[in-house]
Amino acid sequence: MEKNNISRRDTLKGLIGLPILGYFANRFYVSNKRTSTKPKVNWSEYGISEYDPDIIPATGYSAKGDKIRIGIVGFGGRGSYMCRALGYAHESWAEGFIKNGSPTSLLKNFLDQEDLNIEITGVCDTYSGRAEEAVETVCTSIRSGGSSKADAPKIYPTYMDMLQDDKLDAIIILTPDHLHAKMAIDAANAGKHVYLEKPMCQTADEAKTLRDTVKKTGIILQVGHQNRQQASYMKAKEMVSKNLLGPVSLIETFTNRNNDHGAWIRGIPDEANESNVNWKEFLGDKPLREFDPDMYFNWQKWFEFGTGPAGNQFTHEFDGVNQVMELGIPKTVVATGGNYYFKDPRDIPDVFNVIFHYPHRGLSLTYDCTLRNSNVRPMTFMAEEGTMEVGVTFSVFPDSRSSKYKEFKENPDEPIFTYNPKSTAVDAISSATARSYFESGFGYTYNKGERIDCTYLHIKEWLNCIRKDIQPSCSVDRGFEETVTFYMSNLSYLEKRLVEWDAENENII
Amino acid sequence: MKNIEPLNMTGWQILSLTILRITIGWHFLYEGLIKVFNPEWSAISYLNNATGPFASIFNSLASNSAALGIMDALNQWGLVLIGLSLMIGLLSRWAAVGGMALLALYYFANPPFKGLGESSMAEGNYLIVNKNLIEIFALWVIFQFPGSKLTGIDRFLNFKWSKIKN
């Protein structure tokens, strides 16, 4: 020791890390062994992978082929969203997403969207201010997929004038609910393909007529339930169809919002008046009355023009459930609720509760809505073997009485399956429990960990179906089921009775 | 690297520096091994979800598969090697520099510049200073005070310190 000028004590000091490293190795071995021997369902045996990056078919569709010429009818609350899905972002929107000269991730998501190979040739809106806004948006310099600035679309006075254009291939209908059926039927009869915002129609009869017209004319109609592109729903469907949950007896769905915007108070532009609003065209088939700007701009507040929480919000939930379980139309429906909080002119409820009975499927579907609380609850499938909670991600929890997953029943709060398409696994370093992903809600879905706008994918699917002459995921048949189902709940609420569906004659009793 | 001779520190000072170095080493080693042992681990979601002024650089790393492969390997094995090095005190000053560089990447991928609400999944509340930043500065201390030359393998690499032997 002395030869090397290092004493024994120094040597020991120099090696102080080694026993700690040994202790680390021992603890790591034990902890790793414990994790790997924890009971785990072998999902691959059932043909389910916990991470499946290529689940959304629309991401792979090509936009090659003929350019599709599109007209947009109605440019209200949904207009600018739809234009971004189509590849046109208004400069004023984009400016909000540029920080220090570079685009933030949301704007980058937009710019990364593929060029859909379309042309917007016409727009119309019963309020001239919005028609002009539509033109401005289409002529933007902020285009996705490297597209160049587009020519200005023509402003048509009415949608019927727009439908006269022989060069027009398709229309996107973003108008108030009471105009959906008539516009879509007229478009189908004019041979134009239709993308129709949800809800498909206001009533069951309208839905029936529209369905029959679409089938007769052979056009491609996609209902605007963009959550058809939600990866978690697709995965949840696999889980149910492989019978990994056992019989589902109850499905709970919810909408909770707690702000004026959520209660359909959307404001009235100062410039709007009778001279620049085509009030008569807005009324459509409804009885003529005096111009009422509140009714015009905040039409969702009345059953005459809108469809209440059932048509506006429940339809999102219903279409999700219908995707996962192919439920179709319920046998009976009972709904209740009331208008307790919002005392402005309106006739729709702000607290709304519905039970949809499916005796032929051995289950009930419930829907609860309040416009005075914003607690978010996931769509919940309650089954014999477990409970599945579905949102942008989804988890399956074992039932404490499950026979299939009995080795897990001691931890019913710990999911036995979690699908999180936002993330492949844990992040870089867990200084934070650091999964810093965003709760961006349902507007977006995730593919290979990448965030994509659902509406963009839904439009992309519709365009692909037009080019290939095939039916889209949210076809007129799905729209028919959606409209009849929510309409039954509105009828039950308004008439205070149990409403029944006669499936054979397609009639509500 | 400029050779810094151990200072004339008290036993408690040396002990505290040694504990700091070994605990940071432990943290790095475990973070690294967890990733090495998880076949599904990838930095992709972390890079994709980057926020702040450098977000676009991190995003572009995620979209390039070659760059992503390098980032994944660098993270996994970088963390393991830095952790080992700090724990046993071998080439600790180099490890401290490497550790600071990796931590700086994590810090700038999700900088807590705006405070609350920036990262809904973080386990604490941070404004500009978060644990990554503190660990960076802790490693700077390790770099500046080479305790490993007394209580690490580094001791045996340089015999001319014989003068400070007991």
Side-chain angles (χ1 to χ4, degrees), chain A residues 1-25 27-28 31-32 35-36 50-51 53 99-105 107-109 112 420-439 446 448-451, chain B residues 18 21-22 25-26 29-31 33-35 37-38 40-46 48-51 53 55-56 59 62-63 75 79 84 86-90 102-103 105-106 109-110 118-124 126 130-132 135 148 150-156 159 161-163 165-166:
Chain A
M1 277 300 176
E2 289 303 317
K3 262 193 301 191
N4 289 336
N5 290 331
I6 294 180
S7 71
R8 173 185 297 203
R9 195 169 162 184
D10 286 347
T11 308
L12 288 176
K13 273 190 190 169
L15 298 176
I16 198 166
L18 292 180
I20 299 172
L21 184 63
Y23 180 66
F24 174 92
R27 289 292 93 195
F28 184 79
S31 118
N32 202 40
T35 322
S36 52
E50 281 181 69
Y51 183 69
K99 295 238 168 79
N100 304 322
S102 54
T104 62
S105 60
L107 177 54
K108 210 172 158 293
N109 289 150
D112 286 346
N420 180 7
K422 295 178 185 182
S423 156
T424 48
V426 203
D427 56 83
I429 192 165
S430 42
S431 89
T433 13
R435 268 201 165 159
S436 78
Y437 50 64
F438 304 94
E439 285 308 318
Y446 292 79
K448 294 178 185 161
E450 187 194 341
R451 182 171 53 185
Chain B
T18 305
R21 191 192 75 227
I22 289 178
W26 182 299
L29 183 57
Y30 186 64
E31 284 284 4
L33 286 177
I34 278 288
K35 293 168 180 56
F37 276 77
N38 178 357
E40 284 183 12
W41 180 85
S42 167
I44 186 166
S45 67
Y46 197 77
N48 271 331
N49 288 330
T51 58
S56 56
N59 293 162
S63 57
N75 266 293
L79 287 167
L84 269 176
L86 288 171
M87 272 186 94
I88 62 173
L90 174 66
L102 273 182
L103 287 165
L105 284 176
Y106 307 146
N110 269 293
E118 180 74 5
S119 169
S120 57
M121 299 303 285
E123 95 288 27
Y126 307 105
N130 64 9
K131 290 181 188 172
N132 281 332
E135 203 167 16
S148 64
L150 296 171
T151 56
I153 309 281
D154 285 340
R155 172 155 216 155
F156 308 110
F159 295 109
W161 303 337
S162 55
K163 61 187 172 192
K165 80 177 167 57
N166 289 348

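Note on naming: letters A, B, ... go to the chains in the order of the sequence lines (proteins, then strands), and numbering restarts at 1 for each one. Predicted model, so just to flag it, every value in this text is computed and none were measured.
The line from CD1 of A:Ile16 to CZ of B:Arg155 is 11.0 Å long, rounded to the nearest 0.5 Å.
Proximity to chain B is limited to the side chain of A:Phe28, based on heavy atoms less than 4.5 angstrom apart. Proximity to chain A is limited to the side chain of B:Ile22, based on heavy atoms less than 4.5 angstrom apart.
For the pair B:Phe37 and A:Asn32, the tightest heavy-atom approach, listed with the atom from each and the gap, is CD2-ND2, 3.3 Å. In plain terms, the two heavy atoms of B:Phe156 and A:Leu15 that are nearest each other are CE1-CD2, 3.8 Å. Taking all atoms of both residues into account, the shortest heavy-atom contact from B:Tyr30 to A:Ser31 is OH-OG, 3.9 Å.
For A:Leu21, the side chain to side chain contact (heavy atoms under 4.5 Å, CB included) test picks out B:Leu29, B:Leu84, B:Met87, B:Ile88, with sequence neighbours left out. Residues passing the side-chain hydrogen bond (donor to acceptor under 3.5 Å, both in side chains) test with B:Ser56, sequence neighbours excluded: none.
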